A.B. asks: 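Just passing along the structure, written as structure tokens.
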Amino acid sequence: MSVLGRIVATERRPNTPHEFHFWTAIDSPVGIGTIVRVEGANAVNGAMPRTYGVVTEGFSYTDLETPLHDVLGHDGSPSNAVAAPTRRTEVRLYSAAVLRHVPEEPLQPVGSGTVHLASDEDVNIALRMDGYLKAGESTGIPVGMYRAGATASPVFLDADFLLGPEAAHLNISGVSGLATKTSAVEWLLASIFAHFPERKGKVAAVCFNVKGPDLCFLDQPATKLDDADRALYAAMGVPAEPFQHVEYFAPYTARGYALNTLRSNEALSHNVRPLSWGLREVLQYAEVLLNKDDIDAKADALIDFIKERVVDQPFTDAVLSGEHRVASFGELEAWFRDLLRGMEAKNAEQWRTHHVATIRKVRNRLTNISTRCRGLVTDDGSVSDLPFGAFRDRGVYVVDVANLEDDAQDLIFARIVSQLREHLEKRTLGVEHVVVFVDELNKYAPSDGPDTYVRAMLLDIAERGRYLGLVLFAAQQFRSQVHRRVVGNCGTALFGRMDPDELATPGYATLSPSTRTKLSTLEKGQLMVRHPHFAQPVFVRFPRPAVLSGREGVERFPQAEEPTLEAAITRSLRALEPTVTLDWVKETIALADEDEALRARNRTLQARPEDVKSYFRAQLKRRVGGERVPLPPRPALKATPADDPYGF
Amino acid sequence: MIDANGERRDGFIPASYDGASGGASARDVARLLRSLAGHADAPQAVSASDERPLEVAALDANPPRLEAATPIEGAFAARAVPGAPIAGFRAFLDGIQVSRVAGRWPDGLPIVHGTVAAVVRRRNDGELATWQGAPRLLRGVFLPFSLTGAARLAAFEHAGIRLIDTLDGDVATGPRHPSELLAVARTAVQRQREALELALAEAWIADGDGPLYVDGGIASSGTASRADGAIGVVKSHRTLYAGGDSLGVVLTLAEGARTTGFEIRSPRRTGVASWYLRLRAAEGMDPFFGLVRVEVARDTFATARADEVSRWVLAERAPVSLPDKRWSTMAYGIRNCEEYLRAVTGRE
């Protein structure tokens, strides 16, 4: 391979074991991020040393001593420059950070030698990918294509360091709207699904769609893949196809008729499921919704009592008017009402050590949850959840929380992650590895602000999740605003185009000014990758995701209008039973009130029975048809009495 | 990148010239002198930092002078160069020399280490590259053989150090003043440089690749002084070829003007045609500011030829060769030759 440059070291700018300098021809294809190989000129311990490095800084200068000399030389007129028959001597000088020395010992400063553009094999060695790309034992997950000059080499992440157990978690930073965060995750998930070794177990992904329609069309093919994208997919061995198995989950809207998601077009409703929880599910995570002022020790004690002694079991007490069986928020409210009425009747301030004020406070806070999280939390206790225990290999489960209040988002996140964790601990989830993708991490795990339950949970995943197979893929615009322990525990970091202000924060001080400049001007589809095996970050290019983008998706599959009660029920049941018609639903629920009809729908969707129509009908209150009774004969308004003395 | 053949070869960089391998360096000589310490008649080594190069020492006793020249283009006068400057040179030739006192014998005889080098930098598409891939280089010790003695010379020869006779084979009669010997040594170093330049110029002319800009006169080269491929441009004017009224003509030349041609003859040199040319306006400056003297082969001289060559030389004013102090008269290509030679010969 031809020589690209030559190592130079001066007293002012010496080479070290971690940095070296070289010059090249003016027209060399070297740039910031280029990987180079140095062929040493002097043997060490009988072996010619080789050094691999990535270019981090570039300098260009001429033999001019001051700019004024050039001004004088052209008589102050820039246009005179074209008359110069000789081009001024110009230097291209580069600094490179060492990626790897071969041999590794003794670790010495980089000596003189020739510099070459890295080949495919060089890139593998430089990034230590040769250690995990062995035939038959490969744990490589393609993350993108490294390009320089004529070289185009796939860059692989080590699955053991991306999904555990050695290291885990991925963090993505980048400004919004430049196809960085969501696109990169969609691409990387496709890559993981294509390359994660079967011997390592099954893998699935749970994605929280926190804004807009970003993740709403993962099962629909992309419309804008060009030949270059397809070539990248082919080169990295990833099928350019949408995800094969995707399920969507979204709570209902406040009215409860339709699901609260931008994926509401009827053509896509076949794999959209409601996400609704009852009292039992919510009480487990009450602390997510109740702040520290709410939960003092006394209130905490009462909530625990309710969880352990009241919910889902018969409960009687002398104060109460009768037996209660609390399984829903509605029944809990009835229980509170009966309890307080009983205490008032007995003029009691305490009930089982709980003060009446504490009881009122807990009643207020708990029953308020169903209002605050309306659509997610059901009064009637019906539950529709992710298929914990039956997760599919290479399945994607999207939870759409984009249109929900913060409280509801927190509750959903906390409960789903806890459930994932519990099932992974017991090995009952259905898969051994779950990637949890969360966007806007600076909102959920901010570096400052109150210590929330969600942040504590994210910290726990980041610090201990890799042992369980619970892997956090998190994205945010401003990495500096995310809790240090969360980003610090992410073994792999991707950076798209960055905001210059963000790059000015101390977290990026280790990057050279040129690398920071490149980061602030990255094109769409370019990433800087940090990975435990890579001694220095490298730049790669990844293809457009093979799925329909959110923006295109909402144009192609417009959001459905808020339906009528009958239409909403028809649409929901039709997903289970295609013969359900609007007329049938109208006739069936004609005598039911709205709550009853919705409850019947929810229970049917939860049960997914064989005979949908019968089951749905059975959930409605049985009503006896009225018997028509003949009216008694009406007396005439005017009748002549038999003894009418006037004789009309 | 342009290779030695003038071909563009992307990504290819020829091996840099390794200056250290071009003969005995000053360090080699110092090492030898140190090894001789303790012997009878051992020379005293001199630190390189203690001695200035002979080239910057005030050794030249020849005073500036005026010399008559024979007009060959009518009466001596100034005339504007017609037409716009245009690039015409294909390459540039220059040489460098550095000589220093490396030591002295007890009798005061100086041991002078000298380095001389010359290069042709060929221009292709505005880029300069070394013609034939490498410069010509010579390094050695300059001694007056007849005054040094065989035993002293043998020590150097035994160490494989090249020796050059500063007296050029002449036999000196009686002792000489040490300063005179230094001046003689410097002249010998200069002769070696001129020889290298001469050889390169003749090789270039034989190659016939186009006009060559030679730094300095061409009269000392028999071949170059007779060929139309070499144009000498002289920047220094210790000898002015003007007298009487013609001196005023030379010193008041306007920018872009030249004098009429004249012939320079010398007993030991080939006769050449020459003229003065003002490269830059000198109002308020030294009268020699921007003034060069151009030499071409006598037989090729004609008014049209002198105008054409003048346009070529004027075109070389850009880019300016600052920060060199001689920038008003030095072509950038010549500065490039010097920078190149300094880089490859290293610090001596």
Side-chain angles (χ1 to χ4, degrees), chain A residues 1-8 10-11 22-30 34 36-37 39 41 61-94 112-119 148-151, chain B residues 1-3 8-18 84-92 121-130 211 213 255 279-281 311-325 327-328 330-340 342-343 347:
Chain A
M1 189 177 282
S2 63
V3 177
L4 183 77
R6 299 184 75 84
I7 294 287
V8 284
T10 60
E11 214 165 288
F22 65 97
W23 65 270
T24 70
I26 299 289
D27 56 355
S28 80
V30 172
T34 301
V36 295
R37 184 188 79 240
E39 294 287 348
Y61 52 89
T62 67
D63 54 2
L64 278 168
E65 207 163 61
T66 84
L68 192 60
H69 288 167
D70 207 42
V71 175
L72 290 173
H74 295 103
D75 292 333
S77 172
S79 60
N80 287 347
V82 294
T86 306
R87 275 197 285 280
R88 207 172 260 292
T89 302
E90 196 174 338
V91 177
R92 292 280 189 278
L93 182 66
Y94 294 96
S112 57
T114 53
V115 180
H116 306 256
L117 210 56
S119 64
T151 306
Chain B
M1 184 68 204
I2 311 302
D3 72 6
R8 194 170 190 81
R9 294 178 64 179
D10 291 333
F12 173 80
I13 297 173
S16 288
Y17 182 77
D18 183 2
I86 184 169
F89 291 107
R90 184 69 166 153
F92 299 83
R121 298 279 283 171
R122 185 174 178 279
R123 181 161 61 194
N124 189 26
D125 194 23
E127 300 281 356
L128 294 172
T130 303
Y213 187 121
E255 180 183 12
L279 302 181
R280 301 177 193 277
R311 286 194 290 274
W312 293 352
V313 176
L314 285 168
E316 299 302 331
R317 290 177 297 184
V320 69
S321 56
L322 280 166
D324 197 289
K325 288 176 182 172
W327 67 275
S328 70
M330 178 184 260
Y332 184 79
I334 296 302
R335 171 173 159 73
N336 184 274
C337 290
E338 292 190 1
E339 290 294 306
Y340 172 82
R342 282 193 198 103
R347 194 169 48 186

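In this text the structure is predicted, and so the values were computed from the model without any measurement. Here is how names work: the chains are called A, B, and so on, in the same order as the sequence lines, proteins then strands, and each is numbered from 1.
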A.B. asks: Heavy-atom count around A:Ile26 CD1 within 6.0 Å, excluding the residue itself: above 12?
C.D. replies: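 Buried by this count: over 12 neighbours within 6.0 Å.
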A.B. asks: Side chain, backbone, both or neither: which part of A:Thr89 has a heavy atom under 4.5 Å from chain B?
C.D. replies: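 Both backbone and side chain.
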A.B. asks: Is B:Arg335 in contact with chain A via its backbone, its side chain, both, or neither, using a 4.5 Å heavy-atom distance?
C.D. replies: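 Contact with chain A: side chain only.
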A.B. asks: Under the salt bridge (charged side-chain N to carboxylate O under 4.0 Å, His left out) rule, collect the residues that match up with A:Arg88, sequence neighbours excluded.
C.D. replies: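 Once residues adjacent in sequence are excluded, the partners of A:Arg88 under the salt bridge (charged side-chain N to carboxylate O under 4.0 Å, His left out) criterion are A:Asp63, A:Asp70.
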A.B. asks: Which atoms form the tightest heavy-atom contact between B:Ala318 and A:Pro85, and what is the distance?
C.D. replies: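 Where B:Ala318 meets A:Pro85 most closely, the heavy atoms are O-CD, 3.1 Å.
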A.B. asks: What's the spacing between A:His69 NE2 and B:Asp324 CG if we round to 0.5 Å?
C.D. replies: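 So the gap between those two atoms works out to 10.5 Å.
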A.B. asks: Enter the distance from A:Thr66:OG1 to B:Leu322:CG here, rounded to the nearest 0.5 Å.
C.D. replies: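 Answer for the OG1-CG pair, A:Thr66 versus B:Leu322, is 8.0 Å.
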A.B. asks: Could you tell me the separation between the OG1 atom of A:Thr86 and the CZ atom of B:Arg121, rounded to the nearest 0.5 Å?
C.D. replies: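 Here the interatomic distance stands at 10.5 Å.
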A.B. asks: Under the side-chain hydrogen bond (donor to acceptor under 3.5 Å, both in side chains) test, which residues partner B:Arg317, sequence neighbours left out?
C.D. replies: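 B:Arg317 satisfies side-chain hydrogen bond (donor to acceptor under 3.5 Å, both in side chains) with B:Glu255 only.
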